[in-house]
Student: 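Pasting in a structure now, in structure tokens, and then I'll have a few things to ask.
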Amino acid sequence: MANGGGGGGPSGPPKKRTDSDCCSTGFLKNVLHIFNVVFLIAGLLVLGVGVWSVVAKHQFVALLATSTYALTAYTLVLAGGLTILAGVAGCVALCQENKCLLLMYIFTLLLIFLLEAMVGILAYIYEGHVQNELSISLNATFIDSYQMNPEVTKAIDELQFEFKCCGAVRFEDWKYSRWLTENPGVKNLVPDSCCITMTENCGVRDHPSNIYYNGCIYRLASEMSEHLNILGGVGLGFCVMQIFGMVLACSLYIKLRDPPERQSHTNSTGTSSRT
């Protein structure tokens, strides 16, 4: 006999709660917490790579004709610093379920994404031109600026000492430098930083037993290309993480803005009015 009175359950399957699936607020918060931990670690790594790039090659930036390398490295440092701040703000937003702070977190992720994309694109474009730039400008910098510009002089000496090289292309180029042509009293044939064993006035002899014969341009170009590839890889690789984080954060923001209770109330009101 069929039940006719009250007390009977609904005949259809139970309705699934709006906030009980894999896109629930709790699930999104947990995933974003995990993302933030990885995000903070990645931010520290990005900041470390940026600082390493600035410190490792900063002394040679004065020898470059453009500021692209410096811009790329400093932008990476800025992105790393913003990543750490964004990660902390994201943790606070998740713990408090603060919609305003979460929205600021989303826009910060977007800003970091744009910065990292710029770093990656600039690095890879400049990497293809750094050899030509050095070929055109480095020898002129050596010849025209050594002992005329203190910053460039220091960079040249450090470059020759560190890379064990002499001159931009070849050691003979030094005889055309302003340093020697405008100062006939100087007895050196090459700077002391060219010497295998650097001592004061050791550059008076240009014999292969005393100085390095290979030019600096090839080693510097190779080092710069290697660093630019690292910067580009870090920048573009980090962009993928930003996309994932922005999707999760936007989903959570929508959930917090329109909670399931509000959605259910709206749906039930609409059903009642139609009835």
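The figures that follow rest on heavy atoms only: side chains count, while hydrogens, waters and symmetry mates do not. We're numbering straight along the sequence, starting at 1.
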Student: Do the side chains of S135 and I217 get nearer than 4.5 Å, heavy atoms only?
Tutor: yes
Student: Using modelled atom types only, decide if a donor and an acceptor are shared between the side chain of N214 and the backbone of K164 within a distance under 3.5 Å.
Tutor: yes
Student: Any donor-acceptor pair under 3.5 Å linking the side-chain atoms of Y105 with those of N36?
Tutor: yes
Student: In the structure I gave you, are the side-chain heavy atoms of E116 and V46 within less than 4.5 Å of one another anywhere?
Tutor: yes
Student: Tell me if the centroids of the rings in F60 and F163 come within less than 6.0 Å of each other.
Tutor: yes
Student: Taking all non-hydrogen atoms of both residues into account, name the closest pair between F39 and Q242 and its distance.
Tutor: CE1-NE2, 3.3 Å
Student: Which atom names give the shortest non-hydrogen contact between V169 and D173, and what distance separates them?
Tutor: CB-OD2, 3.6 Å
Student: Dump the intermediate steps for disulfide (SG to SG under 2.5 Å) on C216 and C165, then the final yes or no.
Tutor: CA-CA 5 Å; C216 298; C165 55; 1.9 Å; yes
Student: Using side-chain hydrogen bond (donor to acceptor under 3.5 Å, both in side chains), reason through T66 and E133 one step at a time and then give a plain yes or no.
Tutor: CA-CA 9 Å; T66 64; E133 177 188 312; 3.2 Å; yes
Student: Do other residues, nucleotides or ligands put more than 12 heavy atoms under 6.0 Å from the OH atom of Y218?
Tutor: no
Student: List the atom of V130, the atom of S225, and the distance in Å for their closest heavy-atom pair.
Tutor: CG1-OG, 3.4 Å
Student: Could you check whether any side-chain N or O of N210 sits under 3.5 Å from a backbone N or O of D206, counting only pairs where one atom can act as donor and the other as acceptor?
Tutor: no
Student: Check whether F113 and L76 end up in the same hydrophobic cluster, where Ile, Leu, Val, Met, Phe, Trp and Tyr are linked by side-chain heavy atoms less than 4.5 Å apart.
Tutor: yes
Student: Show the numbers, then the answer: is there a side-chain contact (heavy atoms from CB on, under 4.5 Å) between L231 and S53?
Tutor: CA-CA 8 Å; L231 293 177; S53 299; 3.2 Å; yes
Student: Mind listing the closest non-hydrogen atom pair of V152 and S145 along with its distance?
Tutor: CG1-CB, 3.7 Å
Student: List the residues meeting disulfide bond (SG atoms under 2.5 Å apart) with C195, not counting sequence neighbours, and say none if there are none.
Tutor: C202
Student: Would you say the side chain of V190 lies within less than 4.5 Å of the side chain of K175, judging by non-hydrogen atoms?
Tutor: no
Student: Between the side chain of N183 and the main-chain N/O of W179, is any donor-acceptor distance below 3.5 Å?
Tutor: yes
Student: Looking at CD of E223 and CZ of R219, how far apart are the two atoms once the value is rounded to the nearest 0.5 Å?
Tutor: 5.0 Å
Student: Taking a hydrophobic cluster as the set of Ile, Leu, Val, Met, Phe, Trp and Tyr residues connected by side-chain heavy atoms closer than 4.5 Å, whether directly or through intermediates, do V92 and M246 fall within one such cluster?
Tutor: no
Student: Could you go through L122 and Y69, starting from their C-alpha distance and side-chain angles, then the distance that decides it, and tell me whether this counts as side-chain contact (heavy atoms from CB on, under 4.5 Å)?
Tutor: CA-CA 9 Å; L122 274 178; Y69 178 83; over 6 Å; no
Student: Calculate, to the nearest 0.5 Å, the distance between atoms CH2 and CG belonging to W52 and L45 respectively.
Tutor: 13.0 Å
Student: Following the transitive rule for hydrophobic clusters with a side-chain heavy-atom cut-off under 4.5 Å over Ile, Leu, Val, Met, Phe, Trp and Tyr, establish whether I112 and I243 coincide in one cluster.
Tutor: yes
Student: If we count only N and O atoms by modelled type, under 3.5 Å, do the side chains of D192 and N188 hold a donor and an acceptor together?
Tutor: yes
Student: Can you tell me how far OG of S193 sits from CG of L159, rounded to the nearest 0.5 angstrom?
Tutor: 8.5 Å
Student: Quick check: F142 with Y146 (ring centres under 6.0 Å apart)?
Tutor: no
Student: At what distance, to the nearest 0.5 angstrom, does OG of S137 lie from CG of D144?
Tutor: 11.0 Å
Student: Please determine whether side-chain contact (heavy atoms from CB on, under 4.5 Å) holds for the pair L94 and L252, giving the CA-CA distance in whole Å, both sets of side-chain angles, and the decisive distance to 0.1 Å.
Tutor: CA-CA 9 Å; L94 291 174; L252 179 60; 3.2 Å; yes
Student: How long is the span from the OG1 atom in T83 to the CE atom in M241, to the nearest 0.5 Å?
Tutor: 9.0 Å
Student: Could you state the interatomic distance from CZ (F238) to CG (L115), rounded to the nearest 0.5 Å?
Tutor: 11.0 Å
Student: Look at D157 together with K154 and state whether they make a salt bridge at an N to O cut-off of under 4.0 Å.
Tutor: no
Student: Under the side-chain contact (heavy atoms from CB on, under 4.5 Å) rule, what do L103 and Y253 come out as? Steps first, then yes or no, please.
Tutor: CA-CA 7 Å; L103 192 62; Y253 178 79; 4.2 Å; yes
Student: Are there over 12 heavy-atom neighbours, none belonging to E151, within less than 6.0 Å of that residue's CD?
Tutor: no
Student: So I34 and V37, do their side chains get closer than 4.5 Å, heavy atoms only?
Tutor: no
Student: Side-chain heavy atoms nearer than 4.5 Å, only ILVMFWY residues, links allowed to pass through others: does that put V77 and L228 together?
Tutor: no
Student: Identify the heavy atoms of G167 and C194 that sit nearest to each other, and give their distance.
Tutor: N-SG, 4.3 Å
Student: Kindly indicate whether the side chain of I84, heavy atoms from C-beta on, has any atom under 4.5 Å from the side chain of L47.
Tutor: yes
Student: Using a 4.5 Å cut-off on heavy atoms from C-beta on, say whether the side chain of Y213 contacts that of P208.
Tutor: yes
Student: I'd like to check R205 versus L189 (side-chain heavy atoms, cut-off strictly below 4.5 Å). Are they in contact?
Tutor: no
Student: Check whether any side-chain heavy atom of I156 lies under 4.5 Å from a side-chain heavy atom of L63, and answer yes or no.
Tutor: yes
Student: Shortest non-hydrogen contact from H33 to C91?
Tutor: CE1-O, 4.4 Å
Student: Linking I/L/V/M/F/W/Y whenever any side-chain heavy atoms sit under 4.5 Å apart, do M104 and I106 land together?
Tutor: no
